[in-house]
Peer 1: 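The structure under discussion is supplied below as C-alpha cells; questions concerning it will follow.
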Amino acid sequence: MRWALLLVLACVLCGIPYGELVGEKTVIADAKTNQEVQDLGRFAVDERNRKLKESGAMRPVVAFVTVLEAQKQVVSGTKYYLKISTNQNEARESVIYDSVVVVKGSSKELQIFTVSQ
C-alpha cells in the first residue's frame, strides 16, 4: 500500500497524470480534433520536407492533411506516435505516414517519418 501511495505522489510531483505511467503508451482518443496533436503532425510534415530539401533528395514534397491516430508515451519528455494523412503536391495522391515526434519542454524533434504499412 505504501508503494502505491509513493508512486501516485511521485507521479503528481513529476507532473505525470494519474493513471499514466512512465514508458506506457496511451491512445489519444480525440486525435482528429486535438489541436496540439494536429500541430505536431504539421510539424512532422514540415520537418520531413525541410530535411529532404536540405539533403537534395528528389522525393516529392508532401502536404499535411490531418493526424488520423495518435498515441503518446512519457519518456524523458513525451514521445508522440502519429499516423498522418498527406497529399503529394503534384499528384494530389493521398499517402499515409507513421511518424514519431519527441517533445521536451519547448523543443521538438522528428525521429521517424515513414510510409505507413
Side-chain angles (χ1 to χ4, degrees):
M1 182 70 173
R2 286 184 183 174
W3 288 109
L5 289 174
L6 286 174
L7 178 61
V8 169
L9 180 61
C11 289
V12 169
L13 292 176
C14 294
I16 301 169
Y18 179 72
E20 185 177 305
L21 299 177
V22 173
E24 180 181 347
K25 278 188 190 178
T26 57
V27 173
I28 301 173
D30 64 343
K32 291 181 180 179
T33 58
N34 183 311
Q35 191 59 50
E36 179 184 15
V37 169
Q38 295 301 313
D39 290 345
L40 287 170
R42 196 170 284 105
F43 164 81
V45 168
D46 291 345
E47 190 69 4
R48 178 259 189 197
N49 289 334
R50 183 188 66 76
K51 287 180 178 182
L52 284 177
K53 184 177 179 182
E54 283 180 358
S55 72
M58 298 306 291
R59 291 195 177 137
V61 171
V62 296
F64 175 79
V65 175
T66 192
V67 174
L68 301 169
E69 299 172 11
Q71 294 180 328
K72 70 179 179 177
Q73 179 180 29
V74 177
V75 288
S76 62
T78 305
K79 187 179 278 192
Y80 291 88
Y81 298 83
L82 310 173
K83 187 168 292 288
I84 303 171
S85 176
T86 68
N87 282 331
Q88 289 186 359
N89 285 342
E90 298 85 24
R92 292 285 180 209
E93 177 184 330
S94 181
V95 180
I96 307 296
Y97 287 92
D98 292 321
S99 178
V100 176
V101 176
V102 175
V103 177
K104 292 182 184 178
S106 62
S107 71
K108 296 179 238 175
E109 177 190 355
L110 177 61
Q111 290 190 331
I112 297 171
F113 198 93
T114 60
V115 174
S116 185
Q117 299 298 321

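By convention here, the first residue in the shown sequence is residue 1. Values reported hereafter were calculated over all heavy atoms of this structure, with side chains retained and with hydrogens, waters and symmetry mates removed.
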Peer 1: Honestly curious: do V115 and L82 fall in one hydrophobic cluster under the side-chain, below-4.5 Å linking rule?
Peer 2: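 Yes; L82 is reachable from V115 via cluster members.
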Peer 1: Do D46 and F64 have side chains that approach each other closer than 4.5 Å (heavy atoms only, starting at C-beta)?
Peer 2: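 They are not in contact (no side-chain heavy atoms under 4.5 Å apart), so the answer is no.
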Peer 1: Does any part of the side chain of V67, heavy atoms only, come nearer than 4.5 Å to the side chain of L40, both counted from C-beta?
Peer 2: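 No, side chains not in contact.
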Peer 1: Mind checking the CD-CD spacing from E24 to Q73? Nearest 0.5 Å is all I need.
Peer 2: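 Between atom CD of E24 and atom CD of Q73 there are 9.5 Å.
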Peer 1: Under 4.5 Å between any side-chain heavy atoms of Y97 and V45, yes or no?
Peer 2: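 Sidechains of V45 and Y97: no contact.
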Peer 1: Is the shortest heavy-atom distance from the side chain of V95 to the side chain of V62 under 4.5 Å?
Peer 2: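 A side-chain contact is absent here, since even the closest heavy-atom pair is not under 4.5 Å.
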Peer 1: F113 and side chain to side chain contact (heavy atoms under 4.5 Å, CB included): which partner among V101, I84, L52?
Peer 2: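 By the side chain to side chain contact (heavy atoms under 4.5 Å, CB included) criterion, F113 pairs with just one of V101, I84, L52: I84.
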Peer 1: Just verifying a value: how many Å separate I96 CD1 and E69 CD, rounded to the nearest 0.5 Å?
Peer 2: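 With rounding to 0.5 Å, CD1 (I96) is 9.5 Å from CD (E69).
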Peer 1: Taking atom types as modelled, find out whether S116 and K83 have a side-chain donor-acceptor pair closer than 3.5 angstrom.
Peer 2: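 Checked: S116/K83 side chains pair up, N/O donor to acceptor below 3.5 Å.
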Peer 1: Would you say that Q38 contacts T66 through its side chain, given a criterion of any heavy-atom pair below 4.5 Å between the two side chains?
Peer 2: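 Contact flag for Q38/T66 side chains = yes.
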Peer 1: Is the number of heavy atoms from other residues, nucleotides or ligands under 6.0 Å of K51 NZ greater than 12?
Peer 2: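 For K51, atom NZ is crowded (more than 12 foreign heavy atoms under 6.0 Å).
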Peer 1: Is there a continuous path of hydrophobic side-chain contacts, each under 4.5 Å between heavy atoms, that joins V103 to I28?
Peer 2: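 Same cluster.
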Peer 1: For the pair R50 and E47, find out whether any cationic side-chain nitrogen is under 4.0 Å from an anionic carboxylate oxygen.
Peer 2: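 So R50 pairs with E47 through a salt bridge.
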Peer 1: Answer yes if L110 and Y80 sit in the same cluster of Ile, Leu, Val, Met, Phe, Trp and Tyr residues linked by side chain heavy atoms under 4.5 Å apart, and no otherwise.
Peer 2: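 Hydrophobic grouping puts L110 with Y80.
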Peer 1: Answer yes or no: is there a side-chain heavy-atom contact under 4.5 Å between D98 and Y81?
Peer 2: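 A side-chain contact is absent here, since even the closest heavy-atom pair is not under 4.5 Å.
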Peer 1: How far does CG of D39 sit from NZ of K108, to the nearest 0.5 angstrom?
Peer 2: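 Answer for the CG-NZ pair, D39 versus K108, is 7.0 Å.
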